[in-house]
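This report refers to the structure that appears directly beneath it.
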Number of protein chains: 2
Amino acid sequence: MTKFHHTLNCKDCKSKGIIFKSLCNEELDMINQNRFEVSFKAGEIMFKQGTPSPHFLCLTKGLAKIYIEGRGKNLILALVKPVEYIFGPGVYVDNRHHYSAAAVEDSTACLVDAATYKLLIRQNPDFADEFIKRVSNQAIYNFEQVISLTQKQMPGRIADALIYLSEFVYDSNPFEMSLSRQDLADISGMSKESAIRILKDFKDEEILSIDGNSINILNPRLLKQISETG
Amino acid sequence: MTKFHHTLNCKDCKSKGIIFKSLCNEELDMINQNRFEVSFKAGEIMFKQGTPSPHFLCLTKGLAKIYIEGRGKNLILALVKPVEYIFGPGVYVDNRHHYSAAAVEDSTACLVDAATYKLLIRQNPDFADEFIKRVSNQAIYNFEQVISLTQKQMPGRIADALIYLSEFVYDSNPFEMSLSRQDLADISGMSKESAIRILKDFKDEEILSIDGNSINILNPRLLKQISETG
DNA sequence: TCCCGGAATTGATATTTATCAACATTATCA
DNA sequence: TGATAATGTTGATAAATATCAATTCCGGGA
């Protein structure tokens, strides 16, 4: 994990997230003065559940997973790609991370002091609205996730994960999956072996073609149907 | 469902939630002018997933459940008691309810126009902070819930539900459960029959005594241990 | 290049959980 | 009050899923 100051100013940052659109130049300066950039190699942990949480993290390059560490198993809540940010609920509660984050691919991120961020939320109602909107969207997504995990059977859950990967994470089909099978299992809340078996079933039914980590969704319609019928 | 204007002003309301503590009299007046009170009989639906969501709802009497309607099954996300409020994430996203709510006991609630509420969040940073804090707490609770539902086996999940009921909902032990067995199952993400069986096991092991809907936790330490070991 | 360790795969088996059906109990209401 | 429906309970069975063990595959160093 290398720490270094970025030469760019936030005002000029090409990878500035849309979250910052409601901030004026002065406010962006404030963020700029309280930030530093960090890079992570694939596999490295970015922060760990239970540790103090003093930062807002904006992913500028790579891919990260955020996951809850349960009893032996992990549950991946979401994958985060540029330019999205991670700002856990602990910041407003107990200053602790309630989930861990790790780099799935080599990544870089901007860290901003949480206090600065909270101050801006108080100062700028548009920014606050944007933030609440974002938190709300996340909550809604979590509802769908819980229903998927608790009420769908394994094929439905794997279908959900594959659709999520293709449509929201890699934004393409076919796609090269930078996740391990274990990660896929951790997204879908099942054992690695089960995840592999379902993938194979999908391959046998010619819903997918799989070559190592390259996945091609051959029958998106059927996959969506499996997702819906659970 | 009866609609009537409450005689009291919000300023004097005995059951005013702590959320309102950061509002000045003028702001409370604003809420007061945009609110009405409704009462629900036990079992009545307060609002339904998918319908437009123009209100902030504050429960002043009774007990309500909020639940997601999945494929045939429901998943109860939380029980709401006085004086807590329900303000779904849809208000900031698509103006739709993303979960349903129903009265478990005879209840009354104050409904406040959502636009008014959102305006106050923009106006009053302390109020906004309180609101975000509350949303954050909810998110953290949801994490624990997801882990319970996806990584614990049935006895652990029922233990979690019973602890939740005793410690957070009814605030007592023994307690009279106003929920049905189906509700208990919907909290724990399992079939009604399974929930009943686990209850019986706990009774046989003398962790609980059960008489109809009266539940007495005889061995809280062991119950907690079952919750933790899953 | 060869070897090693971790990931992926497969099969056999055990465990967990749901479903179905039958019956008991309780609440409701005319 | 008695009939009737809803809720609760139990047992038998089937389905879903995890676990364990044994290979195989693959990439990165010495």
Side-chain angles (χ1 to χ4, degrees), chain A residues 41-44 65 70-76 102 104-106 148-161 176-204 208-215 226 229-230, chain B residues 41-44 65 70-75 102 104-106 147-161 176-204 208-215 226 229-230:
Chain A
K41 285 215 269 295
E44 281 185 339
K65 61 179 174 182
R71 45 210 70 241
K73 282 185 205 168
N74 294 334
L75 179 69
I76 294 181
V104 171
E105 304 169 4
D106 292 348
S148 172
L149 289 172
T150 59
Q151 301 196 351
K152 292 186 188 177
Q153 300 183 215
M154 296 198 299
R157 281 182 268 153
I158 289 287
D160 283 342
E176 185 73 19
M177 189 170 68
S178 44
L179 298 166
S180 67
R181 304 294 143 121
Q182 182 65 63
D183 285 332
L184 187 63
D186 289 346
I187 292 178
S188 324
M190 66 186 66
S191 71
K192 182 188 44 178
E193 293 93 333
S194 293
I196 290 171
R197 270 185 256 268
I198 307 286
L199 278 184
K200 199 192 170 211
D201 290 346
F202 284 179
K203 190 180 175 181
D204 290 346
L208 309 172
S209 75
I210 306 175
D211 177 22
N213 284 326
S214 308
I215 293 186
I226 292 173
T229 59
Chain B
K41 284 214 269 292
E44 281 184 341
K65 61 178 175 185
R71 43 212 66 242
K73 283 184 206 169
N74 294 334
L75 179 69
V104 171
E105 304 169 5
D106 292 349
I147 288 298
S148 172
L149 289 172
T150 58
Q151 301 195 351
K152 292 186 188 178
Q153 305 185 254
M154 295 199 298
R157 282 182 268 154
I158 289 287
D160 283 342
E176 185 72 19
M177 190 170 69
S178 43
L179 299 166
S180 68
R181 304 293 144 123
Q182 183 65 61
D183 285 332
L184 187 64
D186 288 346
I187 292 178
S188 323
M190 66 185 66
S191 71
K192 180 187 48 179
E193 292 92 332
S194 293
I196 290 171
R197 270 184 256 269
I198 307 286
L199 279 183
K200 200 192 169 214
D201 290 346
F202 285 179
K203 190 179 176 182
D204 290 346
L208 308 172
S209 76
I210 307 175
D211 178 22
N213 285 325
S214 308
I215 292 185
I226 291 173
T229 60

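Labels below follow one simple rule: chain letters A, B, ... track the order of the sequence lines, proteins then strands, and each chain is numbered from 1. Please read all numbers here as calculations on a predicted model, not as lab measurements.
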Can you list every pair that meets salt bridge (Lys or Arg N to Asp or Glu O under 4.0 Å) and has a residue in residues 194-204 of chain A, with sequence neighbours left out? none

At 4.0 Å (heavy atoms only), tell me whether B:Ser191 reaches a base, stays on the sugar-phosphate, or touches nothing. base

Quick one: is D:dT9 close enough that its OP1 or OP2 comes under 4.0 Å of any side-chain N or O from B:Arg181? yes

Starting at atom CG of A:Asp201, determine the distance to atom P of D:dT17, rounded to an integer number of angstrom. 12 Å

Could one point to a donor on the side chain of B:Arg197 or the base of D:dG11 with an acceptor on the other under 3.5 Å away? yes

Between D:dG8 atom C1' and B:Leu179 atom CG, what is the distance in whole Å? 15 Å

With DNA chain D as reference, determine whether A:Lys152 or A:Glu193 sits nearer its 5' end, using the nearest nucleotide of each. A:Lys152

If you check every side-chain atom of B:Met154, which of C:dA18, C:dT10, D:dA18 has the closest atom? C:dA18

Euclidean distance, atom CD of residue A:Gln182 to atom P of D:dT19 [Å, nearest integer]: 11 Å

Kindly compute the distance separating CD1 (A:Ile210) from CD1 (A:Ile196), expressed to the nearest 0.5 Å. 10.0 Å

When rounded to the nearest 0.5 Å, the distance separating CD1 of B:Ile187 from CD of B:Gln182 is 11.0 Å

Partner of A:Ile158 under side-chain contact (heavy atoms from CB on, under 4.5 Å), picked from A:Ile198, A:Leu208, A:Ile226, is A:Ile198

How long is the line joining CE of A:Met190 and C1' of C:dT17, in whole Å? 16 Å

Expected output: side-chain A:Arg157 to main-chain A:Lys152 donor-acceptor under 3.5 Å: yes

Separation of C:dT15 atom P from B:Gln153 atom CD, nearest Å, is 11 Å

Once you round it to whole Å, what is the distance between C1' of C:dT25 and CD1 of B:Ile210? 16 Å

Identify which nucleotide among D:dT17, C:dT9, C:dA7 has an atom closest to any side-chain atom of A:Ser180, counting heavy atoms from C-beta outward. C:dA7

What's the CD-P distance between B:Gln151 and D:dA18, to the nearest Å? 11 Å

Does A:Ala42 offer a backbone N or O that forms a donor-acceptor pair with the side chain of A:Asp106 under 3.5 Å? yes

Compute the bend angle of the helix from C:dT1-D:dA30 to C:dA30-D:dT1 from the end axes (five pairs per end), rounded to 10°. 40°

Spatial distance of atom CG (B:Leu184) from atom CG (B:Leu179) [nearest 0.5 Å]: 7.0 Å

Give the rounded distance in Å between these two atoms: NZ of A:Lys192 and C1' of D:dA22. 13 Å

Using a cut-off of strictly less than 4.0 Å, decide whether B:Ser194 has a side-chain nitrogen or oxygen near OP1 or OP2 of C:dT17. no

Starting at the 5' end of DNA chain D and moving along, which residue's nearest nucleotide shows up first, A:Arg157 or B:Asn213? B:Asn213

